[in-house]
Amino acid sequence: MNLETLNKQFELPGKLQLTVSDSGIPVVEINTPVSSAAISIQGAQLVSWTPVDEEPVIWLSPSAILGPNKAIRGGIPICWPWFGPHESDGRLPSHGYARTALWDVVEIVELEDEQVRVSFRLDKRSVPTEIMTFDCEVELSISVGSILTLDLRTTNSNSNPITISEALHSYFNVGDVRNVEVSGLDGCSYLDKVDAGRIKEQLGAVLFSQETDRVYIDTVSECIISDPVLQRKIHINKQGSLSTVVWNPWSEKAAQMADMGENDYLHMLCVETANVANNSLTLNPGESHEMSVSYSVSRVA
Ligand code: TA6
C-alpha cells in the first residue's frame with residue numbers, strides 16, 4: 001500500500017491524512033472542527049475518537065502493541081467472522097481474522113455536519129489461507145464527527161450458506177469503572193462467561209465490582225454508560241444487532257495481559273455491539289447483512 005498514492009487519492013487537506021505509525025502500520029488520521037480520530041489500516045480498527053472539548057471516548061491501552069498480525073488492545077476491534085474462540089478449531093485465532101488483516105481504503109467522503117466517512121474492504125490476500133475458513137466480502141464504514149458511527153456489512157459471495165458471529169468490540173474510556181453503570185439491559189437474558197456460561201436475567205443497571213464478561217442476547221436496546229467521574233453519558237444506539245457484550249477483565253485477568261498496565265482496567269469498559277451465540281447469522285448465497293452502531297456523548301452536571 002503506497003501511502004503517497006493513497007494520500008493523492010484520498011487526502012482531505014487539513015482534515016484527513018494517511019500516516020505510518022512507529023510500527024510501520026498505516027493509520028488514517030482525521031482532524032475536523034468537531035472531533036479527531038485515528039484508524040489503523042490493519043484491522044480497519046479505530047484506535048481513537050475524541051469529540052472537541054471532550055475526554056477521549058474510545059480507550060486505547062497505554063501498553064497496546066501495534067505490530068503486524070498483532071491484535072491491538074483497545075479501540076474498536078472487528079471480531080469477524082467468528083466471536084471468541086473458534087467453535088471447532090482451537091488453532092484458529094480468537095475473535096476471527098478481520099482484526100489482524102489488512103483492509104483497503106475504498107472511499108473517503110465529507111458529509112454534512114463536518115463528518116468524514118472512511119470506507120474499508122477486507123483484503124483477503126492478507127489473510128493466511130489456513131485461517132480463512134470461508135471466502136466472503138466484508139466492508140466497514142466509519143463516520144467520524146460529533147457522533148461516531150460504524151457500519152459492518154457482510155456479503156455471502158459463496159455458493160452455499162455461511163454462518164458468522166461478529167462484534168464491534170468497543171473499548172470505552174471511563175473515569176473509574178467502579179463508579180460506572182450501564183443501563184438499557186434490564187430484564188435481558190445473558191450468558192455469564194465468568195459463571196460457566198450460565199443463562200441469567202439482568203436486574204436493573206449493570207454495575208462493576210469484579211471480572212464481568214456477559215453476552216446479552218435478543219436485545220436491540222440502546223445502552224447508556226453513565227460515568228460520574230468524567231461527568232458524562234455515552235449513548236450506544238445500534239441497528240442490525242441482537243447481542244450486546246459487556247466486559248471488564250478486572251485486576252486478576254488484566255494482570256495476565258501483557259498489553260494492559262496495572263490499574264488500566266479501572267479506566268476501560270467494553271460494551272460491544274454484536275451478533276453472537278444464539279444470535280449468530282446465517283447468510284444464504286448472495287445475501288448481505290449490515291450491523292451498525294452510533295456513539296454520542298452528553299454532559300451531566
Ligand atoms: O468480548 C469479551 C471477550 O470475549 C472476553 O472474553 C475477552 O476474551 C475479551 O473478549 C478480549 O479478547 P482478546 O482476544 O482481545 O484478548
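Please read these numbers as outputs of a predicted model, since none were measured by experiment. Counting convention: from 1, in listed order, for ligands and their atoms alike. In this chain, numbering begins with 1 at the start of the sequence shown.
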Test ring pair (Phe, Tyr, Trp, His ring centres under 6.0 Å) applied to [X] - qualifying residues, sequence neighbours left out:
X      : answer
Tyr97  : Trp80, Trp82
Tyr295 : Phe172
Tyr265 : Trp250

> Can you list, by chain and residue number, every protein residue with a non-hydrogen atom closer than 4.0 Å to ligand 1?
Replying inline: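 Contacting ligand 1 under 4.0 Å are Arg73, Phe83, Ser94, His95, Arg99, His169, Lys193, Asp213, Val245, Trp247, Glu272.
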> Just by distance, with hydrogens left out, do Glu287 and Asn156 show a side-chain donor and acceptor under 3.5 Å apart?
Replying inline: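 Distance-only check fails for Glu287 and Asn156.
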> Going by the angle between their ring planes, with limits at 30° and 60°, are Phe83 and His95 parallel, tilted or perpendicular?
Replying inline: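 Plane angle between 30° and 60°, so tilted.
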> Is the shortest distance from a Lys or Arg side-chain nitrogen in Asp195 or Lys200 to a carboxylate oxygen in the other one below 4.0 Å?
Replying inline: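 Looking at Asp195 and Lys200, the cut-off is met.
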